[in-house]
Amino acid sequence: MVCIRPATVDDLMAMQRCNLLCLPENYQLKYYMYHILSWPQLLHVAEDYDGTIVGYVLAKMEEDAQPGDCHGHITSVAVARSHRGLGVATRLMIATHKAMVDVFAAEYVSLHVRVTNRVAYHMYTDSLKYE
Amino acid sequence: MAATPSQPLPPKEQALFRSVVKHYEAKAYKKAIKAADAILKKFAEHGETLAMKGLTINSQVDGAQKDGKKEEAYELVRRGLKADLRSHVTWHVYGLLYRSDREYREAIKCYLNALRIDKENAQILRDLANLQVQMRDLSGYVDTRHTLLTLKPSNRNNWISFAVAHHINKNHTMAVEILESYEKTLEEVPSNEAYEHSEMLMYKSRVLEEGGRLQEALEVLELNDAKIRDRWGRAQSRASLLLRLGQASAAGVNGLQVWKAEAAYRALIELNPDHYRMHEGLQAALGLRPAPGAALTDDQRTRLGTLYKDLQELYPRSSACRRIPLDCLTGAAFEAALADYCKKYLIKGVPSLFVDLLPLYADAAKVATTHALFERWCATLRTGDGFGDGTGSEVGQAFVWTLLFLAQSYNHAGRFADALKLADEAILVSPSTTEGFSIKGKILAHAGCPEGAAHLAEAARRGDLGDRYLNSMAVRALLDAGRPDAADLTAGLFVRDDAGAPPSSVLYDMQHMWYEVAAGDCHWRLGDLSKALKKYVAVTKHFDDIHEDQFDFHGYCMRKMTLRAYIDMLNMEDKLYGSDYYSQAATGAITAYLALHDAPKAADAEADEEAKMKLMSADEKKKYKLKKKKEEKNAVKAADEKKAAEEAMRVAREAAAKAAAAATGDKKKTGGGPAKEKDADPDGAKLAATADPLGEATKLVVMLKEHAGARVSTQLAAFGVYRRKGRLLLALAAVTRAAAASDGGPGHPDVHVAVVRLAALAAASPPANPAAAAVLSDGVKALLAPSTDAVSYAKAWQAEHAGASGGVRARIAAATAAVALDGSVAAKAAALALVTGSQLTSVSHADAVAALAALTDKGSPLADEAAAAAFNASAAKAFPYSASFGGDAQVTNYEVFQFDGLLEAFGKLSF
């Protein structure tokens, strides 16, 4: 149905398109470039059977972290409404969490979510155990 | 930057000059200028001070008003340079000035001059290196990085950058040698540099691989297993290397390496059983990929069946392990696997099931099986018998999603009546499922009713106002329906901007390309060239910005050591302008510029008007003037209403934003912030007023030819430009390439018309230069071959492509060509008969619309009222749902929204 895999630079424009399709917070392509050129292993995409990008997670490591406080941060995660119901967002988050720990030795992850975004809030607190 | 002795200053002024530089670097521009003026009071022609003052003024200009300040900056810097040609500072400053205007070639020249005076200035060398790699002056880049390394070999970045320079200059051997020399200088890698070291090792493996040294690339991965942090990346590279090594070995296949590759891919699938590319790798390792250009053999099919049976048992939750075999299974086995695959998703209500299975529809037998299966399910689910296999009522949302799946499938097959019936049933069964409306809208759009599609997309949008995806779909449908204003307002609902900038400008800032291309197309169809140009040109500007974006990363990635991603980024930038969005936007802009070039000027239009009036009687004149006045009044009224609606919208949006901000306690987004600079040309009027539309079009054609030369659209656009410029040899080259393009070819209708036009032009006005005339005539001959003249060529083409089974576009092309070659009344009648006699049963709606346009458009060589009416009548029968031909089965059972007064839904919006 949908494959979750690490993103490459060639995915960035499709990620930007997906973001503009789905979310109110948007970024110029350079911001996506900055992420992948700083932490290439953290960005992931959800790919349809015909190769279309239908979801992504844009993530980073906190740059000004105190020593011993190494942690990651989710900048943005989106899944097209057409590809709901498959647990894509959760799987994207799990994939980036694993990369944060394996590659960058992260101890925890932070993110911002609007409390009004109930679907997302539920996913973070219940499925992914964010506090 | 220190003052050089060519124009020495006394100590006090020297200190002042140092403060100019300090203030400039700290962006304290006013203070910098004040200090510079203090020096210039005493030494009016001090070159370096003049240059620094110019550079500072230029920095003030960036982003702010530009009333002549830019010119002043250049003027000052040039004066400074003239006063002190032997200073590296003045040359460096001149280079920085050019750099700030993206004039990189000029900037490089200046830096090279500066370095002639101060050979070992590391700062100038670094700036030069960045410009060289930006401009892909690769040998220059290698030289500069070499100098920098020699100057400071203790610096890690200098080693890495030198290696990267050789790598991108395609000298893989040197790159590897440098990386290895650098490795030798390393002692223990400190733990806080473990990631950088790991990236360096992965990069080295990649350079070896690209240099064809696969075995050594593999060894880097094997020997450094413990040091490599990118576990997935390592495993993936290792598997791919093993596979390539196994396949490349002389006697067919190296058994051990292939076996290792299989194991490696199985391990990767264990980590991520849904990763399609890893499945492809495993299949390749097992010899289960089809040979190039061939289909799978029966033996391969059987073995794939067994492989996936095993994988499904290993990974029961993986969808890929069940989806992939659907591609190779056939007959009863396919049906059973399909049924098993779909049920779960139907019960859960997964909207993407149809697009997931769509690739199977290339096989007609699979379409038939799928239809039969889903028709059976529809029947049993409708009567409460589940999937008809005794599962009973435990079917969740299966009924509505089975209906919607089949509706999409019928729509795909062009069975609109059946599709609409099922979509309506689905909406009745579950009115809260927004996809019911979305899918019905898509069917209407496909059947030729974009207006209806827009209302249904709006209905879906209102099902969940907070979902931007539904908003985006509505915007798209509105643009397709020719409603750019409503589309803008709808898109604006998700634009949060407190500075009061119009939505379109915020969408522009966010590089919203699909929207801008679609909006450009919409304005083009409505005949608004200015607005169409505005949108198309906006997209081409995004590409310039994205191309520019790489600049900051040349140094950054060396420090971060993210070298593989950096190389990928350079490759992406190199093929950037070949992307679809650029092609669409650039060809759109070219078409608009050509239309402007062809259009009669405003003065001519007035003259036409006067001529028209002269022919009228006094009474007619009066009526005509009254009508005109009324039209003008209506236009003013409409504009006023639109303005009022927009103002109300802005107020509503501000209120919503304020409320949302208050709810989330988000302080930083409300108020404050400098007001955004207003777009001086929001509707593209200035763009369209260009004195040289052909010149603007030429610039875009040059870009397209360089980056997307293989596309037929590029070459046809080039032909359009060059034939108007009378550059017949370039026009010939374009048509020749269009005839060779894989998506074009001599059978392509538009290529055919271009060939005939070119032949006619070559005959009518051959170049004066005999050599050029010979090249042109030879080229045209080659295009017409085996025919020897345009008339017989066109006849042969018509017989081959526009016969009984020929599509309507081919018939239009044949007719257009015939009329171009023979302007007689009889020829036009025959050509029109060819179009009106088209078989419309297997023609797409879009093609039929294009045909009608060719018969009705003012200025079309095929324009003819009677033929248009005849064609329209047969099209109305062939497309009864279409609004384009006034068919008698147009759908009306949907809620109609007032797109001109969209306000009602706005207050409800919250993010």
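The parts of B:Y276 that come within reach of chain A are both its backbone and its side chain, each placing non-hydrogen atoms under 4.5 angstrom from that chain. When heavy atoms are compared at a cutoff of 4.5 Å, A:E47 approaches chain B by way of both its backbone and its side chain. Proximity to chain A is absent for every atom of B:M561, based on heavy atoms less than 4.5 angstrom apart. Residue B:N192 does not touch chain A at all, counting heavy-atom pairs closer than 4.5 Å. Both the backbone and the side chain of B:I324 have a heavy atom closer than 4.5 Å to some heavy atom of chain A. If you measure heavy-atom distances from B:N471 to chain A, you find no contacts under 4.5 Å at all. Proximity to chain A (any heavy atom under 4.5 Å) is shown, for B:R322, by neither the backbone nor the side chain. Using a 4.5 Å cut-off between heavy atoms, A:L20 touches chain B through backbone and side chain atoms alike. Contacts between B:L576 and chain A at a heavy-atom distance below 4.5 Å involve the side chain alone, from C-beta outward. Using a 4.5 Å cut-off between heavy atoms, A:A105 touches chain B through backbone and side chain atoms alike. Heavy-atom distances place the side chain of A:Q41, and not its backbone, under 4.5 Å from chain B. Neither the backbone nor the side chain of A:V54 comes within less than 4.5 Å of any heavy atom of chain B.
A:Q16 CD to B:Q511 CD: the interatomic distance, rounded to the nearest 0.5 Å, is 5.0 Å. Rounded to the nearest 0.5 angstrom, A:L37 CG and B:Y556 OH are separated by 7.5 Å. Rounding to the nearest 0.5 angstrom, the gap separating the CG atom in A:L29 from the CG atom in B:D549 is 6.5 Å. Rounding to the nearest 0.5 angstrom, the gap separating the CG atom in A:D50 from the CG atom in B:D356 is 9.0 Å. Atoms OH and CG, from A:Y34 and B:D552 in turn, are 12.5 Å apart once rounded to the nearest 0.5 Å. Once rounded to the nearest 0.5 Å, the distance linking OH of B:Y345 with CG of A:L86 reads 6.5 Å.
B:K575 NZ: more than 12 foreign heavy atoms inside a 6.0 Å radius. In A:Y121, the OH atom is not crowded: 12 or fewer heavy atoms of neighbouring residues, nucleotides or ligands sit closer than 6.0 Å. Within 6.0 Å of NZ on A:K98 lie no more than 12 heavy atoms contributed by other residues, nucleotides or ligands. For A:Q66, the CD atom is loosely surrounded, since the number of other residues' heavy atoms within 6.0 Å does not exceed 12.
Comparing B:E199, B:R559, B:Q550 by heavy-atom pairs within less than 4.5 Å of chain A, the highest count is held by B:E199. Most heavy-atom pairs under 4.5 Å with chain B: of the set A:L23, A:D102, A:I36, this distinction falls to A:L23. Top candidate by heavy-atom pairs under 4.5 Å with chain A, chosen from B:K560, B:M569, B:Q236, B:E548, is B:M569. Interface check for chain A: of the options B:L470, B:L353, B:V355, the most heavy-atom pairs under 4.5 Å are formed by B:L470. Most heavy-atom pairs under 4.5 Å with chain B: of the set A:A78, A:G85, A:A99, this distinction falls to A:G85. Chain A forms more heavy-atom pairs under 4.5 Å with one residue of B:R231, B:R277, B:R476, B:M278 than with any other, namely B:R277. Looking only at heavy-atom pairs under 4.5 Å with chain A, the residue among B:M513, B:M510, B:R564, B:K348 that has the most is B:M510.
No hydrogens or angles considered: a donor-acceptor pair under 3.5 Å links the side chains of B:Y581 and A:R17. Residues B:N272 and A:R91 bring no donor and acceptor atom of their side chains to less than 3.5 Å of each other. Of the N and O atoms on the side chains of B:D327 and A:Y49, at least one donor lies less than 3.5 Å from an acceptor on the other residue.
Salt-bridge formation is not detected for the pair B:D545/A:K30: no Lys NZ or Arg NE/NH1/NH2 atom is positioned less than 4.0 Å from an Asp or Glu carboxylate oxygen. Ion pairing between B:D467 and A:R81 holds under the 4.0 Å rule for side-chain N and carboxylate O.
Here the side chains of B:M572 and A:D11 are not in contact, with every heavy-atom distance at 4.5 Å or above. Looking at heavy atoms from C-beta onward, A:M1 lies in side-chain contact with B:Y341 at the 4.5 angstrom threshold.
Looking only at distances, no side-chain donor or acceptor of B:S352 sits under 3.5 Å from a matching main-chain atom of A:H83. Of the possible polar contacts, none joining the B:R468 side chain to the A:L21 backbone as a donor-acceptor pair under 3.5 Å is found.
Nearest heavy-atom pair across B:T562 and A:S38 is CG2-O, 3.7 Å.
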Going through the checks in order, is the salt bridge (charged side-chain N to carboxylate O under 4.0 Å, His left out) test met by A:R84 and B:E435?
CA-CA 12 Å; A:R84 275 195 182 168; B:E435 283 79 2; over 6 Å; no
